[in-house]
Amino acid sequence: MKKHHITAIIFLALAGAAAIVSGASFLAMRKPDIIVPGPGVSEVVMLSNWYPQLKGTPGDTEVYILGKGNPGASMLVLGGTHPNEPSGHMAAILLIENAVMTSGTLYVIPRANASGFTHNDPQEGAPQSFTIQTPNGPRVFRYGSRATNPVHQWPDPNVYIHASSGQSLSGSETRNRNRGYPGRENGTLTERVCYGIVQLIKKEKVTITVDLHEASPEYPVINAIVAHPKAMGLASETVLGLEMQNITIGLEPSPVNLRGLSHRELGDFTDTLPVLMETANASQGRLRGRTDEALVLTGKDKWYVKAQKLGRLYVPYDENGHPLEERTGRHLAGITELAFSWTLENPDSALEFTGVPAYAELQEKGLGAFLRPLP
Ligand SMILES: [Zn+2]
């Protein structure tokens with residue numbers, strides 16, 4: 001055997017080993033995270049329960065129902081619409097693992113874009129997951145992509161035309177879950193998942209829908225609630241309630257000419273009161289430096305501190321960053337305050353729960369203190 005043959009065999013073997021290792025790590029992303037239902041969960045059903053065509057597709061996803069059959073109002077919380085925005089995902093999980101309804105019903109979808117959790121955005125260098133230490137050992141959660149996995153929906157058109165309005169956007173937005181509402185039967189997978197959520201809202205007559213997001217610290221709509229005109233009164237009271245707890249939050253009306261978003265279409269097409277909340281996530285920002293698990297968990301980034309000093313950001317940013325506890329705590333405080341404001345105005349149709357960690361408590365004890373031991 002010639003020397004170059006041996007070199008070729010060695011390289012083939014090395015390439016084969018690399019493919020096996022990376023392939024296994026890649027396929028592991030398709031295994032959903034373990035979520036441990038808390039004492040308040042009455043039932044876990046799949047979204048296909050409301051839209052059977054989703055059954056067996058990568059878009060089908062778990063719906064956790066808390067306080068099923070209780071009298072009172074209801075709320076739907078969507079986490080993981082964009083799986084690279086972890087505070088919404090974590091807030092949904094903390095609700096599932098801790099909340100107990102005293103009146104009304106809570107529906108929680110922690111992986112609103114289940115397909116988006118099975119891959120990462122190319123060329124972003126984002127971690128595939130992040131680990132939270134708990135008193136009972138580590139818990140690992142997926143850090144996914146903003147969009148539906150192209151393995152599940154491909155190819156993208158050159159131009160994405162939003163079905164019910166005709167609005168045109170760039171082709172890749174066709175896989176953006178928050179541009180697909182109100183969704184379409186027999187549409188793309190992304191549109192069908194949106195359609196399934198709309199069916200749930202209509203069938204269960206969901207009173208309030210909260211879509212949890214994060215945004216780059218340089219994005220203008222941040223640390224904010226975006227509300228449909230119908231939900232403006234409720235959102236205003238919520239903002240006042242949060243400000244009284246020293247949680248600074250902006251209130252933005254849902255733009256009329258930006259279509260396909262939850263806070264616009266769910267209000268136009270259903271009777272729910274839709275709001276969307278944003279927190280500041282450096283790990284999805286464009287100005288960030290090193291991108292790793294630590295950035296996801298702490299939000300500490302010297303380039304964002306510099307950008308803040310140059311007046312380029314829409315949120316305060318110092319050496320303390322914006323830890324995941326703070327961002328998740330903002331979402332939970334917003335949800336708690338929305339329920340409180342609703343109940344204050346509608347005492348005959350109350351929405352009340354206990355067990356959800358308060359903002360200060362979460363900062364003090366950390367996320368791990370509110371995650372259950374794995375079975
Ligand atoms: Zn988002």
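Only heavy atoms go into these numbers, but all of them, side chains included; no hydrogens, no water, no symmetry mates.
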Per the salt bridge (Lys or Arg N to Asp or Glu O under 4.0 Å) rule, what does the pair list look like for residues 236-261, sequence neighbours excluded?
R259-E265
Give a yes or no on whether the backbone of R372 and the side-chain of E97 come within a donor-acceptor separation of less than 3.5 Å.
yes
Looking only at atom types and distance, does a side-chain atom of E325 sit under 3.5 Å from a main-chain N or O of L367, one as donor and one as acceptor?
yes
Across all chains, not counting sequence neighbours, the side-chain hydrogen bond (donor to acceptor under 3.5 Å, both in side chains) partners of N149 are T118
Of all residues at least two apart in sequence or in a different chain, which pass the salt bridge (charged side-chain N to carboxylate O under 4.0 Å, His left out) check with E326?
none
Can you list every pair that meets salt bridge (Lys or Arg N to Asp or Glu O under 4.0 Å) and has a residue in residues 34-62, with sequence neighbours left out?
E43-K68, E62-R111
Between R286 (side chain) and S216 (backbone), is there a donor-acceptor pair under 3.5 Å?
no
Donor-acceptor pair, distance only, cut-off 3.5 Å: does the side chain of H119 make one with the backbone of M29?
no
Side chain to side chain contact (heavy atoms under 4.5 Å, CB included) with I247: which residues, sequence neighbours excluded?
L242, Q245, R330, A333, Y359
Check: residues 226-234 side-chain donor-acceptor pairs under 3.5 Å, at least two apart:
residue, atom, partner, partner atom, Å
H228, ND1, K230, N, 3.2
H228, NE2, D268, OD1, 2.7
K230, NZ, G267, O, 2.7
K230, NZ, T270, O, 2.8

Quickly, which of D211, N113, N178 forms a side chain to side chain donor-acceptor pair (under 3.5 Å) with T81? Name it, please.
D211
Does E218 use its side chain to pair, donor to acceptor, with the backbone of G285 at less than 3.5 Å?
no
